[in-house]
Amino acid sequence: SYTLWASGPRHEGRLCGSWLHSNECLRDMSKFILDNFFASKIRVKLLKFLFRNYPTGFAMSELAKRTREPLDAVQKELALLRKIGAVIKQ
C-alpha cells in the first residue's frame with residue numbers, strides 16, 4: 001500500500017540531517033519537488049487524496065479506483081512520487 005512519507009526531506013536520494021540541512025540542499029530540493037509535484041493533474045489528485053486520508057495506506061488499484069484515473073497512469077505517477085520521496089510503499 002502507498003502512503004505519504006512524512007519523516008523529512010531528501011536530497012540526492014538521502015535523508016537530510018535536519019529540516020535546515022543546508023541552503024544548497026533546500027534550494028535543490030525545492031526546485032526538484034516543485035518541478036515534479038505539479039506537472040500532472042493525476043499527481044495532484046493522488047497527493048490530495050493521500051493527504052486527506054493520511055496515515056492510511058492504499059493499494060495502487062484502490063488509488064486508481066478512488067481517484068477515477070487509469071491504473072497505468074496512477075502506477076507511473078506513484079513511481080515518480082516514490083522517486084522524489086513523497087510517498088513510500090509499505
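Note that the numbering runs from 1 along the sequence shown for the chain.
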task: For the pair Lys41 and Glu69, find out whether any cationic side-chain nitrogen is under 4.0 Å from an anionic carboxylate oxygen.
output: yes
- request: Identify the two heavy atoms, one from Ser40 and one from Glu77, that lie closest to each other, and give their separation to 0.1 Å.
  value: OG-OE2, 3.2 Å
- prompt: Got a sec, which residues hit side-chain contact (heavy atoms from CB on, under 4.5 Å) with Ala79, two or more places apart in sequence or on another chain?
  reply: none
- prompt: How would you list, by chain and number, every residue that makes a side-chain contact (heavy atoms from CB on, under 4.5 Å) with Glu62, sequence neighbours excluded?
  reply: Phe58, Ala59, Lys65, Arg66
query: Sequence neighbours excluded, which residues qualify as salt bridge (Lys or Arg N to Asp or Glu O under 4.0 Å) partners of Arg82?
result: none
message: Please report the interatomic distance CG(Leu47) to CG(Leu81), rounded to the nearest 0.5 Å.
response: 5.0 Å
- prompt: With a 4.5 Å limit on heavy-atom distance, are the side chains of Ile42 and Thr67 in contact?
  reply: no
- prompt: Roughly how far apart are Ile88 CD1 and Leu78 CG, rounded to 0.5 Å?
  reply: 12.5 Å
message: Going by salt bridge (Lys or Arg N to Asp or Glu O under 4.0 Å), name the residues that satisfy it together with Lys48, two or more places apart in sequence or in a different chain.
response: none
message: I want to check something: taking the side chain as every heavy atom from C-beta on, are Leu50 and Leu63 in contact at a cut-off of under 4.5 Å?
response: yes
